[in-house]
Amino acid sequence: GENVEQHPSTLSVQEGDSAVIKCTYSDSASNYFPWYKQELGKRPQLIIDIRSNVGEKKDQRIAVTLNKTAKHFSLHITETQPEDSAVYFCAASRNTGRRALTFGSGTRLQVQP
Amino acid sequence: SQTIHQWPATLVQPVGSPLSLECTVEGTSNPNLYWYRQAAGRGLQLLFYSVGIGQISSEVPQNLSASRPQDRQFILSSKKLLLSDSGFYLCALRGPTGADTQYFGPGTRLTVL
């Protein structure tokens with residue numbers, strides 16, 4: 001089955017700096033890659049996703065890049081703000097069969113004011 | 001729009017007691033439904049998924065079971081809880097193929113004492 005590795009496990013940045021979180025996946029048939037943000041005690045919320053027919057996607061301060069050949073994808077947050085502090089999860093799935101997301105282990109991002 | 005309801009929101013149960021968690025969804029038909037568990041400070045573990053009424057697949061052998069008696073209802077059960085069953089239980093849905101986004105319900109926080 002699919003295996004998703006996520007790094008780093010914790011990340012501390014100064015407000016205004018950029019943050020990058022990286023994930024690798026094992027199943028070459030995976031074609032959907034979402035990123036979720038989870039605040040303490042809350043449900044994970046989708047912040048951005050990318051499909052395998054696209055190499056990069058951007059939404060304001062958030063961008064995701066995908067390298068299908070290397071089987072890795074990354075989340076980039078620019079101009080970080082204290083409210084960006086949370087745990088971020090990457091995930092991967094196929095669009096056939098169970099279509100269940102396999103999640104990375106999470107990155108705790110702390111933005112220092 | 002799609003909405004996921006989960007109850008109860010919190011639950012404290014003694015070891016050996018039964019469990020029933022309910023998830024209902026609105027605003028979609030024939031969704032894929034999922035149960036995840038998140039231990040404190042950890043990632044998301046897929047427990048069960050269902051592609052339709054009465055169709056349940058288990059991802060992790062354990063003392064939990066799931067049922068889908070109606071298209072928009074997904075139930076997680078146990079006959080005898082273990083201490084290790086404590087965690088944050090999240091129901092999630094994914095629309096039909098072509099609607100990739102996976103949404104999470106608000107979750108049930110279960111503490112087994």
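Atom set for the values below is all heavy atoms of this structure, side chains included, hydrogens, waters and symmetry mates excluded. Only a predicted model underlies this, so the values are computations on that prediction, with no experimental measurement involved.
- B:Leu76 and B:Tyr36 are members of different hydrophobic clusters when ILVMFWY side chains are connected at heavy-atom separations under 4.5 Å.
- When hydrophobic clusters are built by joining Ile, Leu, Val, Met, Phe, Trp and Tyr residues whose side-chain heavy atoms come closer than 4.5 Å, directly or via intermediates, A:Tyr88 is grouped together with A:Ile50.
- Residues of residues 3-24 of chain A lying within less than 4.5 angstrom of chain B, judged on heavy atoms, are absent.
- Within the 4.5 angstrom heavy-atom criterion, atoms from both the backbone and the side chain of B:Phe104 approach chain A.
- Residue B:Gln38 touches chain A through its side chain alone, counting heavy-atom pairs closer than 4.5 Å.
- Within residues 28-46 of chain A, the residues having any heavy atom under 4.5 Å from a heavy atom of chain B are, by residue number, A:Tyr32, A:Tyr36, A:Gln38, A:Gly41, A:Lys42, A:Arg43, A:Pro44, A:Leu46.
- Closest heavy-atom contact between A:Phe89 and B:Gly43: CE2-CA, 3.7 Å.
- By the criterion of side-chain heavy atoms lying less than 4.5 angstrom apart, applied directly or through intervening Ile, Leu, Val, Met, Phe, Trp or Tyr residues, B:Phe74 is grouped together with B:Tyr89 in one hydrophobic cluster.
- Within 6.0 Å of CD on A:Glu79 lie no more than 12 heavy atoms contributed by other residues, nucleotides or ligands.
- In this structure, CD in B:Gln102 is found 8.0 Å from OG in A:Ser93, a value given to the nearest 0.5 Å.
- Linking Ile, Leu, Val, Met, Phe, Trp and Tyr whenever their side-chain heavy atoms come within less than 4.5 Å leaves B:Leu46 and B:Val25 in two separate clusters.
- For a heavy-atom cut-off of 4.5 Å, chain B lies close to A:Phe103, A:Ser105 in residues 102-113 of chain A.
- Counted within 6.0 Å of CD on A:Gln60, heavy atoms from surrounding residues, nucleotides or ligands total 12 or fewer; the atom is thus considered open.
- Tracing side-chain contacts under 4.5 Å through hydrophobic residues (I, L, V, M, F, W, Y), one never reaches A:Ile47 starting from B:Leu90; they form parts of separate clusters.
- Residue pairs meeting the salt bridge (Lys or Arg N to Asp or Glu O under 4.0 Å) criterion with at least one member in residues 28-53 of chain B, sequence neighbours excluded, are B:Arg37-B:Asp85.
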